[in-house]
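Everything on this sheet refers to the single structure shown next.
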2 protein chains.
Amino acid sequence: MDGQRTRRRIPEATVARLPVYLRILSEQFDDGVTNMSSEQLADFAGLNAAKVRKDLSYLGSYGTRGVGYEVEYLVYQIRRELGLTHDWPVVIVGAGNLGQALAGYGGFGDRGFPVGGIVDVDESKVGSLVGGVRVRHLDEVAQVVQSRGISIGVIATPGAAAQEVADALVAAGVTSLLNFAPTVINVPHGISVRKVDLAVELQILSYYEQRRASAKAATLHAVPGAR
Amino acid sequence: MDGQRTRRRIPEATVARLPVYLRILSEQFDDGVTNMSSEQLADFAGLNAAKVRKDLSYLGSYGTRGVGYEVEYLVYQIRRELGLTHDWPVVIVGAGNLGQALAGYGGFGDRGFPVGGIVDVDESKVGSLVGGVRVRHLDEVAQVVQSRGISIGVIATPGAAAQEVADALVAAGVTSLLNFAPTVINVPHGISVRKVDLAVELQILSYYEQRRASAKAATLHAVPGAR
DNA sequence: CCGGCTTTGTGAAAACATGCACGAGCGCCC
DNA sequence: GGGCGCTCGTGCATGTTTTCACAAAGCCGG
């Protein structure tokens, strides 16, 4: 009676790994590999086989014992689960350095996320072409979103503008946001947000670097063999 | 006897949030705020107050009961813990679109991560200036790394080159990697890696979009009031 | 200087994620 | 067509992260 809709919810950690499996499997398939075991896949993904199997088991029982998984079929299943059976056009807000780099970067359209629009508040940028798309004014974002059926917005503005832009996007009907601005944004319940923040990543690395450095310093003074 | 070096290890999840607190606190400090409670900070960070307090408690007991935290002091403590008391120069590998965008983007040098070098394999790019830094050949990466005391490498190459580049960086003495290439890289034990992958982020958003869409479809057929 | 108000710091419980280990199923070879 | 070897799927133990809830501690006003 309910087809596939009452699919058990997939843990967030697993959802974050599925795209990795998908990429590996797609590449392997292109290289002519038709079958893979959880262990092979785990090696490529830098994980252990048990985790891979558990992750895949949330999709259903698509493996064959003693054999492994059929690559092509698994690609199909992951794509379906991730909702990649159709394109998701995105709107980019901010036509500065980052916005231009994102629009120009192939990785968007290639992978099912074509740039459906670019908007900016800066009148001097409105009307120009970025990555083959004409920049429109932020005020028109609702029209852009609705005319293209866009549900994903990419925020590529300075931090100070991010919250305002997020509000505008949500008001326009966008339900998922990818935020490159170095600011935490608040959104209504039911809206998804992912954040990409260069400074945060570097600072995390800094922490472990610093820690390594002090561990080393400590070792220099440690009793030999104490461990 | 051991000063602050035998600091208890901070959970990874907490380390990832400290940079967020740091940014919020720094901004508030610039706005003249001298004191904040865990609840205020939690609001800015989009978290709950208990989590903020527990995170901060790993640094030590720097709050005052009934009052909150002194912003300036906390900023200092977080910076110290994250190893941000000095600059960490980085080397960028790949002078293509992404590498150029990263080098040109202020966010690096601003925040204590100056671009100490850019390298590429493409002879036509070697010698050109990107973000004020002259591009050198990948073969010279060890010299660049060692002469500047660089310990963080940023991989901004196509996926196919990423593993090779990572190996070269590690061989050159780099101990932390920030990987923008859409590939999982393998590194020796003791090397830190963080990955930033646009396609993965979009695909995660796609999953939740798709899920929302099917939940909605289900509701349309559901018995009214069932929920 | 005391009592009430506020907010921290932290044990303990709950939720979540990972890793182990093994039974079950499948293909292949003899 | 039976046995052997391989690999999946998953229950259970372990480890990590989040959340709750409250005693302890500091400030302020009377």
Side-chain angles (χ1 to χ4, degrees), chain A residues 7-21 24-25 28 33-75 77-78 81 184 189 200 204 207-208 211, chain B residues 7-21 24-25 28 33-75 77-78 81 184 189 204 207-208:
Chain A
R7 175 153 246 104
R8 58 215 156 293
R9 158 184 157 284
I10 299 182
E12 209 172 312
T14 294
V15 172
R17 284 187 295 265
L18 288 178
V20 176
Y21 302 146
I24 293 166
L25 291 164
Q28 291 302 305
V33 176
T34 59
N35 205 86
M36 282 182 86
S37 69
S38 58
E39 187 155 357
Q40 289 174 289
L41 186 47
D43 282 349
F44 280 111
L47 307 167
N48 70 49
K51 201 189 281 181
V52 169
R53 286 200 300 277
K54 187 152 289 191
D55 284 344
L56 296 181
S57 77
Y58 290 111
L59 307 181
S61 284
Y62 298 137
T64 305
R65 290 164 195 230
V67 177
Y69 300 87
E70 196 202 323
V71 175
E72 186 171 16
Y73 187 57
L74 198 50
V75 164
Q77 289 298 340
I78 296 177
E81 192 70 38
V184 175
H189 185 75
V200 168
I204 294 170
Y207 171 78
Y208 292 106
R211 179 149 262 274
Chain B
R7 176 151 248 106
R8 58 212 157 297
R9 161 185 154 281
I10 298 182
E12 206 173 315
T14 294
V15 172
R17 284 188 294 266
L18 289 177
V20 176
Y21 302 147
I24 292 167
L25 291 163
Q28 292 300 306
V33 176
T34 60
N35 206 88
M36 281 181 86
S37 68
S38 59
E39 187 156 355
Q40 289 175 288
L41 185 47
D43 282 351
F44 279 110
L47 307 168
N48 69 51
K51 200 187 282 182
V52 170
R53 287 201 299 279
K54 184 144 287 191
D55 284 344
L56 296 181
S57 76
Y58 291 111
L59 307 181
S61 282
Y62 299 137
T64 308
R65 290 163 195 234
V67 177
Y69 301 86
E70 195 201 324
V71 175
E72 187 171 16
Y73 187 55
L74 198 50
V75 164
Q77 289 298 341
I78 296 177
E81 191 70 37
V184 175
H189 186 75
I204 294 170
Y207 170 77
Y208 291 106

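Naming: A, B, ... by sequence-line order, numbering from 1 per chain.
Contacts with DNA chain D (heavy atom under 4.0 Å) in residues 14-21 of chain B: B:R17, listed by number. Contacts of residues 35-52 of chain B with DNA chain C (heavy atom under 4.0 Å): B:S37, B:S38.
For the atom pair OG1 (B:T34) and CD (B:E72), the distance works out to 9.5 Å, reported to the nearest 0.5 Å. The structure places CZ of B:R17 at 12.0 Å from CD1 of B:I78, a figure rounded to the nearest 0.5 Å. For the atom pair CG (B:L18) and CD (B:E81), the distance works out to 7.5 Å, reported to the nearest 0.5 Å. Distance check: A:L74 CG to A:I24 CD1 gives 11.0 Å after rounding to the nearest 0.5 Å. Separating the CG atom in B:L47 from the CG atom in B:L41 is a distance of 8.0 Å, to the nearest 0.5 Å. Summarising the geometry, atom CD1 belonging to B:I10 is positioned 5.5 Å from atom CG belonging to B:L59; distances are rounded to the nearest 0.5 Å.
Following rounding to the nearest Å, B:E70 (CD) and C:dT8 (C1') show an atom-to-atom distance of 15 Å. The OH atom of B:Y62 sits 19 Å away from the C1' atom of C:dT7 (whole-angstrom rounding). Residue B:Y69 contributes atom OH, which lies 9 Å from atom C1' of C:dT7 at whole-angstrom precision.
Checked against side-chain contact (heavy atoms from CB on, under 4.5 Å), B:V71 has the following partners two or more places apart in sequence or in another chain: B:L25, B:F29, B:V33, B:M36, B:V75. Looking at residues two or more places apart in sequence or on another chain, you find no side-chain hydrogen bond (donor to acceptor under 3.5 Å, both in side chains) involving A:Y69. The side-chain contact (heavy atoms from CB on, under 4.5 Å) check on A:A42 picks up A:A49, A:V52, with sequence neighbours excluded. In this view, B:Y207 and B:R211 satisfy the side-chain hydrogen bond (donor to acceptor under 3.5 Å, both in side chains) rule, not counting sequence neighbours. Taking the salt bridge (charged side-chain N to carboxylate O under 4.0 Å, His left out) definition, one finds that A:R53 meets it with nothing, sequence neighbours left out.
Toward the 5′ end of DNA chain C lies the nearest nucleotide of A:P11, the other residue of the pair A:P11 and A:R53 mapping further downstream.
Chain B approaches DNA chain D over the interval D:dT17 to D:dC27, counting the first and last nucleotide 5' to 3' with an atom under 4.0 Å from its heavy atoms.
Residues B:I204 and A:A16 come closest through the heavy atom pair CD1-CA, 3.8 Å.
Enclosure of atom CZ in B:F44 is not indicated, since only 12 or fewer non-hydrogen atoms of other residues, nucleotides or ligands lie within 6.0 angstrom.
Put simply, the side chain of B:Y208 reaches to within 4.5 Å of the side chain of A:V15, judged on heavy atoms.
Residue pairs that meet the salt bridge (Lys or Arg N to Asp or Glu O under 4.0 Å) test with at least one member in residues 34-51 of chain A, sequence neighbours left out, do not exist here.
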With the criterion being N/O to N/O and under 3.5 Å, what pairs connect the protein with nucleotides 25-30 of chain C, and how long is each?
residue: C:dG25; atom: N2; partner: A:G66; partner atom: N; Å: 3.3

List, with names and distances, any nitrogen or oxygen atoms from the protein found under 3.5 Å away from nitrogen or oxygen atoms belonging to nucleotides 12-14 of chain C.
residue: C:dA12; atom: N6; partner: B:K54; partner atom: NZ; Å: 3.2

